[in-house]
2 protein chains.
Amino acid sequence: MRVRRAPDVVIRRLPLYLRVLENIDIDKHGPSISSYELGDAAGVTPDQVRKDLSLFGEFGKQGVGYEIDTLRQELRRVLNLDCVIRVAIIGAGSLGIALARYLQGRRRAESNYHLDMVAVFDKDPAKIGLEIDGVRVLPMELLKSKVRELGVRMAVVAVPAASAQEVVDACVDAGIDGILNFAPAKLAVPSHVRLHNSDLSLELMHLAYYLCGAPGENTRTARDSQAEG
Amino acid sequence: MRVRRAPDVVIRRLPLYLRVLENIDIDKHGPSISSYELGDAAGVTPDQVRKDLSLFGEFGKQGVGYEIDTLRQELRRVLNLDCVIRVAIIGAGSLGIALARYLQGRRRAESNYHLDMVAVFDKDPAKIGLEIDGVRVLPMELLKSKVRELGVRMAVVAVPAASAQEVVDACVDAGIDGILNFAPAKLAVPSHVRLHNSDLSLELMHLAYYLCGAPGENTRTARDSQAEG
DNA sequence: TAGATTGTTAATCGATTAACAATC
DNA sequence: TAGATTGTTAATCGATTAACAATC
């Protein structure tokens with residue numbers, strides 16, 4: 001029932017807010033948090049916090065702030081994280097394994113972590129049957145049936161660039177809604193599927209721009225040094 | 001000698017352009033590329049390509065386009081990728097190892113890849129001496145001396161959130177300029193150091209927003225479906 | 001009540017898109 | 001020359017910041 005669509009730049013900040021709220025100990029802190037505190041912890045201005053949140057409802061009280069429990073719950077709801085989202089990882093190479101372990105670790109560390117990594121797929125027969133933190137590696141042939149069976153809604157693609165498009169096609173065919181791609185490739189998906197990309201190599205090239213001066217020296221003036229990312 | 005500082009949003013697109021140029025076979029394609037072609041391959045409008053590039057110089061020819069070789073070289077120069085940048089990875093857990101392999105793989109796959117992963121560090125004695133794709137894991141105590149010795153300028157931080165700040169402090173102390181952090185933590189660095197963050201968990205929460213409807217169904221209207229980076 | 005803090009409107013700032021003269 | 005395509009200026013669009021009345 002949202003009237004105006006929220007811009008993506010706002011959506012990207014919501015998980016930041018949510019994380020701050022997840023990490024607050026209410027017993028120590030008290031039940032409320034102001035836009036000043038929340039902004040400070042998340043690295044944005046209080047104005048922005050209020051403007052962002054106001055796009056989704058009126059969650060605060062004048063003179064008091066936002067009730068932490070309530071806001072947390074609202075943000076989870078907005079982000080579709082109010083019930084478990086099952087995630088599959090495609091590719092059991094070192095990156096796929098690392099991502100799988102990372103997600104399992106987050107889930108163990110954070111109660112109420114609503115991303116549940118339930119399966120890893122690979123086409124290499126040598127990888128099938130491996131166990132990664134309690135989850136077995138399955139053959140690609142089972143993707144469609146297992147996605148249905150387990151209720152998987154998101155996929156993390158960690159295969160070589162050359163096979164990324166075919167893997168993504170298979171995910172789409174299996175009915176997956178959202179894909180986070182780690183392969184350094186430009187991929188095509190139908191418009192009802194959301195594709196995001198995370199590319200280490202692009203990130204490093206981006207970062208390289210901000211390195212100062214020639215190797216070994218530090219002569220050039222530092223450019224814009226706001227933290228990114 | 002840049003007159004106006006280029007906005008970061010532009011800088012983030014340059015690696016995209018550079019990658020397109022790196023992947024073109026000049027023998028097949030011919031020596032020039034238009035802003036239309038380049039934009040198409042990079043996923044941006046031709047107008048934007050021209051505007052972005054014009055911030056750094058006049059690289060094109062009216063009626064012809066941009067000479068691929070020249071533009072590639074210019075982009076490398078702008079991004080500080082015209083000579084090798086040595087990178088260290090901090091943390092030899094599964095993510096650190098995966099990132100190390102990924103970088104080694106890119107370097108093997110792409111001639112002229114100017115990011116050179118030269119060292120991995122860990123504080124766990126059990127990890128010291130391990131070899132990852134030909135690079136040895138060194139103890140954190142050697143960070144400062146090795147950074148000097150090898151000319152390391154960038155660090156990739158892949159340690160648990162709890163130790164990320166101390167690791168970043170050590171990197172800064174060792175004279176490192178640019179840091180790409182994978183730990184889910186908000187870190188502080190002095191203003192002359194550039195810190196970027198890459199956070200799988202935030203990415204997945206961001207993506208979750210765009211999942212349609214309740215688990216199992218697909219009822220809600222798809223929202224903004226432009227592909228994101 | 002007085003102080004604090006929200007939600008929202010208005011003002012500013014910046015980025016993208018459109019348009020086109022210059023020119024290869 | 002005619003068609004293509006650049007670099008740049010102007011117009012539009014969107015996001016951030018500032019300000020403040022409402023109110024807890």
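Throughout, a chain's letter reflects where its sequence line sits, starting with A, and its residues are numbered from 1.
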Grab the two heavy atoms, one from B:Leu143 and one from B:Cys171, that are nearest each other, plus how far apart they are. CD2-N, 3.9 Å

Going by atom types alone, do A:His114 and A:Asn80 pair a side-chain donor with an acceptor below 3.5 Å? no

Run the salt-bridge test on A:Asp177 and A:Arg153 with the 4.0 Å N-O cut-off and return the result as yes or no. yes

A:Arg50 vs B:Lys51, nearer the 5' end of DNA chain D by closest nucleotide: B:Lys51

Using heavy atoms to find the nearest nucleotide of DNA chain D for A:Arg13 and B:Tyr66 separately, return the residue whose nucleotide is more 5′. B:Tyr66

Under 4.0 angstrom, heavy atoms only, what part of the nucleic acid is A:Pro46 near: base, sugar-phosphate, or nothing? nothing

Gap separating the CG atom of A:Leu211 from the CE atom of B:Met154, nearest 0.5 angstrom: 6.0 Å

Under 3.5 Å on both distances, the Watson-Crick or G-U partner of C:dT5: D:dA22

Identity of whatever pairs with C:dA15 - Watson-Crick or G-U, under 3.5 angstrom: D:dT12

Give, for atom OH of A:Tyr113 and atom CG of B:Leu204, the distance between the pair rounded to the nearest 0.5 Å. 6.0 Å

Looking at B:Arg77 and B:Glu74, is there a salt bridge between them, counting it only when a charged N and a carboxylate O are closer than 4.0 Å? yes

Bounds of contact between DNA chain C and chain A, in 5' to 3' order, using a heavy-atom cut-off under 4.0 Å: C:dA4 to C:dT9

